[in-house]
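Working notes for the structure below.
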Amino acid sequence: MYIGIFIRTEEPAYKNWKSIQYVSDLLKENLREKEYGAINHYLLSCIAIKTVPGYEAWSKARRPRYVEHYRAKGWDGVYYEIEGFYQCDFKIDGEDYDRFASASEEEARRIVAAKVVESLSSLDRLSKKAAGFDKERFKSDVINLFKEHDLL
């Protein structure tokens, strides 16, 4: 399975982008060889932006979506066919944002890992098209991976 975290952030939280990248790389390296069924590409978007009253829509997390067949245009202009694509956003906002922005790299990693685990609850609402996805084993593998690396 391909899994990764796309990052959207701003100052002062930008200084901890490496923590988000660390968690993304950890997931990518450890879940690369595993197969869980219907979902082959799992993309998380981390939105670490302080919400300003009146501008909530600018940094709103999109609802999760699963697409059986997805056609995407790469940076090189070539189209890629992707089978089993799932996208889910999670936000670091409010008090969590303040903690994340002022956290050490190690603490920032823990905050990101906790948000990733929290976002796994969206898998409980998967469409019937993705019924073949072993979400319990996937959740268990992610949680155990984070525990092994002292992130939970």
* Heavy atoms from other residues, nucleotides or ligands near CD of E81 exceed 12 (cutoff 6.0 Å) -> yes
* **Sidechain-backbone polar pair: S24 side chain, Q21 backbone, donor-acceptor under 3.5 Å** => no
* Can you tell me if T9 uses its side chain to pair, donor with acceptor, with the backbone of A48 under 3.5 Å? -> yes
* With a cut-off of 6.0 Å (strictly less than), are more than 12 heavy atoms of other residues, nucleotides or ligands near OH of Y80? -> yes
* Asked: Are the aromatic ring centres of Y42 and Y86 under 6.0 angstrom apart?
  -> yes
* To do: Find out whether I82 and R71 are in side-chain contact, i.e. whether some heavy atom of one side chain is under 4.5 Å from a heavy atom of the other.
  => no
* Do F138 and F133 make the cut of ring centroids closer than 6.0 angstrom? -> yes
* Asked: So which heavy atom on E105 is nearest to which on N16, and how close?
  -> CA-OD1, 4.3 Å
* Between D96 and K115, is the closest basic N to carboxylate O distance under 4.0 Å? -> yes
* Does atom CD of E11 have more than 12 heavy-atom neighbours from other groups under 6.0 Å away? -> yes
* To do: Mark yes or no for whether R110, through its side chain, and D150, through its backbone, hold a donor-acceptor pair below 3.5 Å.
  => yes
* **Pair D89 + R8: basic N to acidic O under 4.0 Å** => no
* Can you tell me if NZ on K28 sees more than 12 non-hydrogen neighbours from other groups inside 6.0 Å? -> yes
